[in-house]
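Written below as structure tokens is the structure these notes are about.
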Amino acid sequence: MNDNAVIAIHGGAGTILRASLSASAEAEYHAALHAVLAAGQRVLADGGSALDAVSEAVRLLEDCPLFNAGIGAVYTAAGTHELDAAIMDGSTLEAGAICCVKRVRNPVLAARRVLECSEHVLFTGEGAESFAAAQGLEFVEPQYFDTEARHRQWLLARDQQRAMLDHDGATLAASPSATDNSDPMPHEPIDPNRKFGTVGAVALDRHGHVAAATSTGGVTNKQVGRVGDTPLIGAGCYADDATCAVSTTGSGEMFMRMVAAYDVAAQMAYRNVSLHEAAHDVVMNRLPKIDGRGGLIAVDALGNIALPFNTEGMYRGFARLGEAPTTAIYR
Ligand code: ASP
């Protein structure tokens, strides 16, 4: 049995300035991340698979309205929610993903069923929902995903006629210029009452296997039918025991163009660099070249972890067996 078992999670990256987050809001985030890590840690301690640990962690993050996945998802330009998720097993390279679902309570569980019960990898929209229904997964009314904070954020983004990362949407929402037509100030502190973030988890289990899962509502005011990096294997999610497991968050279009998650694994395989070096290169060097903003979490088969981000903050944490979970928001 491997004693290096570890789980890491993220709840999105973006413009999160310390001055803007009240002590109680900050504590709420830390508590939520801590609880999710503790649950994932229990799965691993009991000898559960990395796949089980990341599914459970992401399911819990989806059920937490603090984050932009499941309940609390951002709004599309039509005022609806379209959810995306992916999961990958590093021991088999099996993967499952769904996108543009509107009524599946936990998209990550649907992605997991695709991995386990389908010969396909990615289902979209109605087909994804039919598949999830046939698998007996829980459905909810589309309004289940509504939250007041996200709705306010969407109205402001719509007035500005732009799509944006939820965190940047928060920036806009907090900007004094939010109701006029000028550009939002990119580094304005976020409103502490508005809570944001795509979610993901990576884990190494006691059997030496890695897995990754990512889930999102996407970006605020996105066009209906827009799909980002999250459900694309290699862009927002990737896992291979031979290298690492990766889950990303940030400006999805750039992560897609950079095939960001896979690039971390590929650099380890082809350049023979460490997890840290590969993850750092993708986030700090390669993504910024095309204005890619965000971060990722990654773990390798030795239990090394990397959690780089090129934004002001990223909700994140990790937990090793027998140790208290560590959580962080800022640099
Ligand atoms: N990467 C996600 C997307 O583009 C958004 C995020 O991470 O906040 O859909």
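Below, all heavy atoms of this structure are taken into account, side chains as well, without hydrogens, waters or symmetry copies. We count ligands from 1, going down the list as the structure has it; atoms in each ligand are counted the same way.
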Those atoms of ligand 1 less than 4.0 Å from some heavy atom in [X]:
X    : result
T230 : 1 (N), 2 (C)
T249 : 6 (C), 7 (O), 8 (O)
G218 : 5 (C), 9 (O)

Plane angle bin for F131 and F123 - parallel if under 30°, tilted between 30 and 60°, otherwise perpendicular: parallel

Aromatic plane relationship, W154 with H151 - under 30° parallel, 30 to 60° tilted, over 60° perpendicular: tilted

same_hphob_cluster(L296, M268) at 4.5 Å side-chain heavy-atom cutoff: yes

Non-hydrogen atom of G250 closer than 4.0 Å to ligand 1: yes

Ligand 1 contacted by R226 (non-hydrogen, < 4.0 Å): yes

Salt bridge (Lys or Arg N to Asp or Glu O under 4.0 Å), paired with D52, selected from R112, R59, R206, R42: R112

Stepwise side chain to side chain donor-acceptor pair (under 3.5 Å) test for D263 and Y238: CA-CA 9 Å; D263 196 40; Y238 191 73; over 6 Å; no

Any N or O of G228 closer than 3.5 Å to N or O of ligand 1: no

Of the listed options V199, V219, T198, D84, closest to atom 8 (O) of ligand 1 (non-hydrogen atoms): T198

From T216, N68, D229 - option closest to atom 3 (C) of ligand 1 by heavy atom: D229

Ion pair K102/E129, N-O distance below 4.0 Å: no

Contacts of R226 that satisfy salt bridge (Lys or Arg N to Asp or Glu O under 4.0 Å) - sequence neighbours left out: E253

Mode of T248 contact toward ligand 1 - side chain, backbone, both, neither (heavy atoms, under 4.0 Å): neither

